[in-house]
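Reviewing the structure listed below.
A quick note: this is a predicted structure, and the numbers were derived from the prediction, not measured. Note that these values count all heavy atoms, side chains included, but never hydrogens, waters or copies made by symmetry. For reference, positions follow the sequence shown, starting with 1. Every number for a ligand or one of its atoms is a count from 1 in the order of the listing.
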Amino acid sequence: MKTIAIAIDGPAGAGKSTIAKLIADKLHIYYLDTGAMYRAVALKVLREGLDPTNHQQVISILPSTHIGVIYQDGFQRVYLDGEDVTHLLRQPEVAKAASAVAVIPEVRIKLVELQRSIAQNYSVVIDGRDIGTFVLPNADKKFYLTATLEERARRRWLEMQEKGYDQSLEEVKRELEARDRNDMGRAFAPLRKAEDAILIDTTGKSIDQVVNEVWGYLTDISADGR
Ligand code: DC
């Protein structure tokens, strides 16, 4: 059976994962969160006491690092060397380290291989930074979600508060700016809108509004492959 892939790229806090999950549910296909894979590598680097910005150090642990993705009750779980680390990946220090290790081409090549093989076997809504431009250039549909820095910071800050992380709005904003610089400024597969991606600015829009907008572009897509 032919699988379908819907790519959603954009900066942190643009609403990609929220929208991707809801669209995947509506289509009865999987949601593949590629950021979680970079976060898992970052977690390993931090656990080993290594510097995420030191390329040689990070590259040295890659051969012995196993990242696995499985679906349990429709939800993605990420395994690091056989351990389910899903619940550890949203911590602010892991996010920061993820953005640093994601600059390293060797890290990307390893994870892109895994992403492509999952997308080959399952129909997915897949979100990330380079999905439409690099991972799946032939995706059935591509979206680029964005929002102002202020709005993205506010959303991320609310999410952090709900999870019990005590960060100020200013701090969250500064970290987002730094991640944008890393994600857009790296040489290898940087974050940018694919030419054929549909641009959606989510600033000031509700989740329902954005889902409906995206859904409106998917009238020619039919899938049920979970
Ligand atoms: O989407 P996220 O916040 O979970 O992503 C964490 C970091 O991983 C982000 O700063 C950039 C990087 N990333 C990437 O470079 N390419 C992807 N496809 C997904 C994430």
Side-chain angles (χ1 to χ4, degrees), residues 5-21 24 31-46 52-53 55 58 62 65 67 69 75-78 80 85-119 124-137 139 142-147 149 152-153 155-160 163 165 167 172-194 197 202:
I6 295 168
I8 304 186
D9 289 303
K16 298 185 300 295
S17 65
T18 305
I19 303 303
K21 265 182 224 154
Y31 160 51
L32 180 58
D33 169 7
T34 63
M37 299 178 187
Y38 290 91
R39 288 170 183 258
V41 172
L43 179 66
K44 167 109 173 211
V45 168
L46 295 176
T53 66
H55 292 208
V58 175
L62 288 180
T65 299
I67 307 292
V69 167
F75 289 104
Q76 173 177 321
R77 314 287 316 175
V78 179
L80 170 63
V85 294
T86 315
H87 59 294
L88 300 172
L89 301 179
R90 303 305 301 175
Q91 305 172 78
E93 59 273 26
V94 175
K96 199 168 159 209
S99 182
V101 301
V103 167
I104 304 169
E106 287 82 352
V107 171
R108 304 199 67 81
I109 286 163
K110 181 177 172 108
L111 298 182
V112 167
E113 206 174 297
L114 177 60
Q115 292 155 19
R116 285 182 180 151
S117 91
I118 294 170
V124 287
V125 178
I126 170 170
D127 77 357
R129 303 293 187 288
D130 60 340
I131 309 301
T133 54
F134 184 70
V135 180
L136 301 173
K142 300 178 186 177
F143 295 92
Y144 189 89
L145 258 56
T146 187
L149 177 65
R152 294 189 287 121
R155 287 179 191 161
R156 194 43 63 92
W157 177 76
L158 281 172
E159 183 190 330
M160 287 300 161
K163 295 208 164 109
Y165 297 113
Q167 271 190 312
V172 172
K173 192 170 155 189
R174 267 199 309 276
E175 281 185 12
L176 271 188
E177 262 181 314
R179 284 177 62 191
D180 283 357
R181 263 199 309 277
N182 261 354
D183 297 347
M184 293 175 187
R186 65 175 175 243
F188 190 89
L191 167 64
R192 62 180 175 80
K193 180 187 162 302
T202 68

In this structure, are over 12 heavy atoms from other groups packed under 6.0 Å from F75 atom CZ? no

What pairs with T202 under side chain to side chain contact (heavy atoms under 4.5 Å, CB included), at least two apart in sequence or on another chain? L145, A147, R155, I200, V210

Only counting residues at least two apart or in another chain, list the ones meeting side chain to side chain contact (heavy atoms under 4.5 Å, CB included) with V112. Y38, Q115, R116, D130, F134, V135

Donor-acceptor check, side chain of K16 to backbone of I8, threshold 3.5 angstrom: yes or no? no

Does a salt bridge link E177 with R174, judged by any charged N lying under 4.0 Å from a carboxylate O? no

For ligand 1, what N or O to protein N or O distances fall under 3.5 Å?
| from | atom 1 | to | atom 2 | distance (Å) |
| --- | --- | --- | --- | --- |
| ligand 1 | 1 (O) | R129 | NH1 | 2.9 |
| ligand 1 | 1 (O) | R129 | NH2 | 3.3 |
| ligand 1 | 3 (O) | R39 | NH2 | 2.9 |
| ligand 1 | 3 (O) | R129 | NH2 | 3.4 |
| ligand 1 | 3 (O) | R179 | NH2 | 2.4 |
| ligand 1 | 4 (O) | R39 | NE | 2.6 |
| ligand 1 | 4 (O) | R39 | NH2 | 3.3 |
| ligand 1 | 10 (O) | R179 | NE | 3.3 |
| ligand 1 | 10 (O) | R179 | NH2 | 3.4 |
| ligand 1 | 10 (O) | D183 | OD1 | 3.3 |
| ligand 1 | 10 (O) | D183 | OD2 | 3.2 |
| ligand 1 | 15 (O) | R108 | NH1 | 2.7 |
| ligand 1 | 15 (O) | R108 | NH2 | 3.4 |
| ligand 1 | 15 (O) | R186 | NH1 | 2.9 |
| ligand 1 | 15 (O) | R186 | NH2 | 3.2 |
| ligand 1 | 16 (N) | R108 | NH2 | 3.0 |
| ligand 1 | 18 (N) | T34 | OG1 | 3.0 |
| ligand 1 | 18 (N) | R129 | N | 3.2 |
| ligand 1 | 18 (N) | D130 | OD1 | 3.0 |

Would you mind writing out the side-chain donor-acceptor pairs for residues 85-94 within the sub-3.5 Å range, not counting sequence neighbours?
| from | atom 1 | to | atom 2 | distance (Å) |
| --- | --- | --- | --- | --- |
| T86 | OG1 | V78 | N | 2.9 |
| T86 | OG1 | D84 | OD1 | 2.5 |
| Q91 | NE2 | L88 | O | 2.7 |

